[in-house]
Participant: 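Take a look at this one; I'll ask things after.
Read the numbers this way: they start at 1 and go in the same order the structure lists the ligands and their atoms.
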Amino acid sequence: MTSTTTSLAETGTAGHLPLVLAEQVTKSFGNHQVLSGIDFSVEAGEVACIIGPSGSGKSTFLRCLNALEKPNGGRIRIDGEDVGFNYRKGKFHEWNSAEYAKFRLNVGMVFQRFNLFANMTALENVACGPARVKGEPKKLALARAEELLERVGLAGHGHKYPMKLSGGQQQRVAIARSLAMDPQVMLFDEPTSALDPELVDEVLEVMKSLAVGGMTMVLVTHEIGFAREVADSLAFIDGGVVVEKGNPRELIANPQHERTQQFLSKVL
Ligand code: ADP
Ligand code: MG
């Protein structure tokens with residue numbers, strides 16, 4: 001598939017673009033080509049899961065989606081806007097740092113390691129973004145943070161410091177912290193991989209409730225059961241390309257490519 005035919009196929013009727021649209025995205029680190037032409041899209045309100053072997057470029061791709069990495073080629077659009085560029089006077093101009101910062105508020109990211117501020121309580125962790133970055137009055141930010149903690153099942157834990165919370169609770173605070181910025185899209189990079197097995201479900205439950213609530217989500221995960229149950233699409237990435245993408249239940253039950261079959265036989 002060339003990028004032009006893909007883009008025509010994926011954009012469908014004139015004027016409609018998926019909320020997240022990546023076309024032929026490439027990325028190298030030195031001589032090492034990590035992404036070799038990724039085509040990927042997510043409709044508003046959908047949950048897209050990504051699976052694939054370690055080192056296949058999943059994290060790099062997510063980091064390109066929220067502009068933590070700059071692709072070497074291809075095009076990424078979120079809500080129709082090119083990521084990293086403005087089009088003015090017939091030319092593309094790279095964003096300045098303020099434009100990058102503004103964009104990242106709109107695309108939340110939750111990492112494998114929770115990265116909470118150790119010197120702040122759970123409540124302060126959630127409230128600090130809106131208060132500092134968006135200039136929300138502190139009282140309002142704290143009240144909203146309280147609601148968000150409740151939404152991730154942590155009512156009454158707001159006064160605790162991260163050290164006093166379990167890994168699953170910390171990851172739920174991290175999710176609440178992302179939600180506090182009202183992102184249009186949430187990216188999750190193996191959010192349960194660092195957790196003890198008994199803490200995985202509480203985090204998946206929170207993510208499921210977000211999905212049911214209509215949040216647009218891109219999730220790199222090894223939780224095949226979650227992908228099968230919750231995701232609208234499942235993509236298998238290997239060698240820096242999307243080898244196969246489709247309905248999760250169909251893809252898991254009947255993978256078309258040998259590489260997908262081999263991968264699934266190891267993780268199922
Ligand atoms: P995955 O998330 O699928 O395990 P990654 O996207 O993390 O894969 O990494 C893909 C490849 O890119 C790996 O070989 C990794 O070493 C390399 N890589 C990722 N980030 C960098 C970087 N900042 N500099 C150099 N190499 C990198
Ligand atoms: Mg990774």
Participant: Working to the nearest 0.5 Å, report the span between CG of Asn247 and CD1 of Ile252.
Facilitator: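 Rounded to the nearest 0.5 Å, the CG-CD1 separation comes to 8.5 Å.
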Participant: Any side-chain heavy atom of Val83 within less than 4.5 Å of one from Leu65?
Facilitator: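 No, too far: nothing below the 4.5 Å cut-off.
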Participant: Within 45° of the ring axis of Phe263 and under 6.0 Å from its six-membered ring centre, is that where the NZ or CZ of Lys266 lies?
Facilitator: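 No.
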Participant: Just jot down the side-chain contact (heavy atoms from CB on, under 4.5 Å) partners of Gln256, sequence neighbours excluded, or say none.
Facilitator: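 Scan of Gln256 (side-chain contact (heavy atoms from CB on, under 4.5 Å), adjacent residues dropped) gives Glu244, Asn254.
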Participant: Step by step, work out the side chain to side chain donor-acceptor pair (under 3.5 Å) result for Glu124 and Tyr161.
Facilitator: CA-CA 9 Å; Glu124 287 163 350; Tyr161 285 88; 4.8 Å; no
Participant: Using ring-ring contact (aromatic ring centres under 6.0 Å, His included) as the criterion, list what pairs up with Phe188, not counting sequence neighbours.
Facilitator: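 Not a single residue meets the ring-ring contact (aromatic ring centres under 6.0 Å, His included) criterion with Phe188.
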Participant: Tell me, which protein N/O/S atoms are under 2.8 Å away from the Mg ion (ligand 2)?
Facilitator: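 Those protein N, O or S atoms (cut-off: under 2.8 Å from the Mg ion (ligand 2)) are Ser59 OG.
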Participant: List by chain and number: which residues place a heavy atom under 4.0 Å from ligand 1?
Facilitator: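 Its neighbours under 4.0 Å (heavy atoms only) are Phe29, His32, Val34, Pro53, Ser54, Gly55, Ser56, Gly57, Lys58, Ser59, Thr60, given by chain and number.
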Participant: Would you say Ile38 and Gln24 make side-chain contact, with heavy atoms under 4.5 Å?
Facilitator: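 Heavy-atom side-chain distance check fails, nothing below 4.5 Å.
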Participant: A side-chain contact here means heavy atoms from C-beta on lying under 4.5 Å apart; do Asp189 and Val220 qualify?
Facilitator: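 They are in contact (side-chain heavy atoms under 4.5 Å apart), so the answer is yes.
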Participant: Answer yes or no: is there a donor N or O on one side and an acceptor on the other, between the side chain of Lys245 and the main chain of Ser233, under 3.5 Å?
Facilitator: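 Checked: no pair found.
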